[in-house]
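These numbers were taken from a predicted model, which means no experiment stands behind them. A note on names: the letters A, B, ... follow the listed sequences, proteins ahead of strands, and every chain is numbered from 1.
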2 protein chains.
Amino acid sequence: MRIVFADCSVDYSGRLDAHLPRAVRLLMLKADGSVLVHSDGGSYKPLNWMSPPAKLEVKEPDESVDPEALEIWDVTAQKSDDLLRITIFEVHAEYEHDLGIDPGLTKDGVEAHLQELLARDPGAVIPGLKLVRREYPTPIGPVDLMCRNADGEPVIIEVKRVGGIDGVEQLTRYFEMLSRDSLLSGLKGVFAAQVIKPQARVLAEDRGFACVTLDYDALRGIEDPQGTLF
Amino acid sequence: MRIVFADCSVDYSGRLDAHLPRAVRLLMLKADGSVLVHSDGGSYKPLNWMSPPAKLEVKEPDESVDPEALEIWDVTAQKSDDLLRITIFEVHAEYEHDLGIDPGLTKDGVEAHLQELLARDPGAVIPGLKLVRREYPTPIGPVDLMCRNADGEPVIIEVKRVGGIDGVEQLTRYFEMLSRDSLLSGLKGVFAAQVIKPQARVLAEDRGFACVTLDYDALRGIEDPQGTLF
DNA sequence: TCTTGTATCTCGTTT
DNA sequence: AAACGAGGTACAAGA
């Protein structure tokens, strides 16, 4: 990996066009040809970049470029015609270091885990609810949970970490599809998420779906948050 | 900005838990307290990170940690209880450089621009179509374009850069809402995007909406006749 | 390989 | 400040 602190301007041309005026920035050149342009702030996202696989070509500036420019770095994607052009005015510092292959990241605790915890004991969230099966199949893809309530009526649950309008639409599609099944008469829908956005809640309730806010920590322990829904 | 090449392991605890085994990596410490952990490959996304504002605290390793560890770097978010713990085994190199404030990125060619180009001449995409107004209001938000076709019938257009199912749902909501307006009898819907995903196309056509693929360059060519038209 | 759904999404804009 | 939508989304899992 090569690290360069340089006074530069940057132009990207691809899906969109973007331009960075001249300033001092950090340029990160990775082994796979990818290039990242970072400022001293913002988030983890670079100001601009080129995804791998890519190729860096150093050119002399011609008369069409700013006369102060020292070098032109053209970074081209191998699989598209995207171009990241870095115009170098001054290199302040430059370092190179060998890193080797990274063993990679292990994660735990996202939506899949949330669904698993809810499946383990749906009755803890909605009293009387019993799991029929997870990933219950429909012609347009599986719905997260199929259950039966205390009265034996079928209940489908769509689980999200953040519940937005798109999640309600998804539940709606499953609901409409499964409503045609005479074996599932009296079908009810539940929208369950750690966070339910206001618009999504309004839409869900307007369509007759119950909304349930999930508490990850409470699920991981054992608890029943709220009263009777059906 | 401080750059450190170090042999380290990383643990993140926040919305989820994540772990990076011991390896040589690049650590980027920005002025706002944010920290990025990069490997020599992958995309522009770091292996792990802490978003600003954050605070770095260097601690001595106690007996509970690997005896080879030299230092513990605890990066804590100011607004949550997220913790990024970097266990340092060896520092290979360390550099610091002052960057100053970045003037920032200017973009061009995103969805807003696409809508603008289409609004300028809807007839170039669907013959006979004339613009009534952009951002036509409905109770659930504005629809991108309201037009009339050659027969004087109302046509609403939802514009996307990438047309997915969610875009079709959005168009559907507007369509159902506006269909109740007797002044808009015979209403038609058009789903327009640079790229329309297969499932979205099926759904849109199933609901009676026309699908139109937009060519950004061609639209821009209409606007700017100085291109290679002749 | 392509498609689909999630994300410690990030980032802008608007209310 | 909160919410909503777009993204050069990236990324992983499933078909």
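- We find that NE2 of B:His38 is positioned 14 Å from P of D:dA10, with the value rounded to whole Å.
- Aromatic ring pairs are classed by plane angle as parallel below 30°, tilted from 30° to 60° and perpendicular above 60°; the pair A:Tyr44 and B:Trp49 is tilted.
- Projected onto DNA chain C by closest heavy-atom contact, A:Ala112 and A:Tyr44 fall at different nucleotides, the more 5' of which corresponds to A:Ala112.
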Letter per nucleotide, 5' to 3', of nucleotides 1-6 of chain C [B base touched, S only sugar-phosphate touched, - untouched; heavy atoms, 4.0 Å]: --SS-S
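- Residue-level contact check: B:Ser51 touches the backbone only, with heavy atoms under 4.0 Å from sugar-phosphate atoms and none from bases.
- Separating the NZ atom of A:Lys45 from the P atom of C:dG12 is a distance of 8 Å, rounded to the nearest angstrom.
- B:Phe175 does not carry B:Arg207 over the face of its six-membered ring by the limits of under 6.0 Å from the centre and within 45° of the normal.
- Going from atom CZ of B:Arg2 over to atom CG of A:Asp40 covers 12.0 Å, rounded to the nearest 0.5 Å.
- Within 4.0 Å (heavy atoms only), A:Met50 reaches at least one base atom of the nucleic acid.
- When all heavy atoms of A:Val143 and A:Tyr174 are compared, the closest pair comes out as CG2-CD1, 3.7 Å.
- If you measure from atom CG of B:Leu47 to atom P of C:dC9, you get 18 Å, rounded to the nearest angstrom.
- Residue B:Lys30 contributes atom NZ, which lies 12 Å from atom C1' of C:dT10 at whole-angstrom precision.
- Heavy-atom distances to DNA chain C give each of A:Gly42 and A:Lys107 a nearest nucleotide, and the one nearer the 5′ end belongs to A:Lys107.
- Put simply, the side chain of A:Thr87 does not reach to within 4.5 Å of the side chain of A:Val10, judged on heavy atoms.
- Taking atom CD of residue A:Glu135 and atom C1' of nucleotide D:dA15, one finds them 14 Å apart after rounding to whole Å.
- In this structure, B:Leu114 places its CG atom 18 Å from P of D:dG5, rounding to the nearest Å.
- Rounded to an integer number of Å, the gap from CH2 of A:Trp49 to P of D:dC11 is 11 Å.
- Distance B:Leu36 CG to C:dC9 P: 16 Å, rounded to the nearest Å.
- Under a 3.5 Å cut-off, the side chain of B:Ser34 and the backbone N or O of B:Lys30 do not form any donor-acceptor pair.
- Heavy-atom contacts from other residues, nucleotides or ligands closer than 6.0 Å to CG of B:Asp66 number more than 12.
- Note on A:Tyr12: a base of the nucleic acid sits closer than 4.0 angstrom, heavy atoms only.
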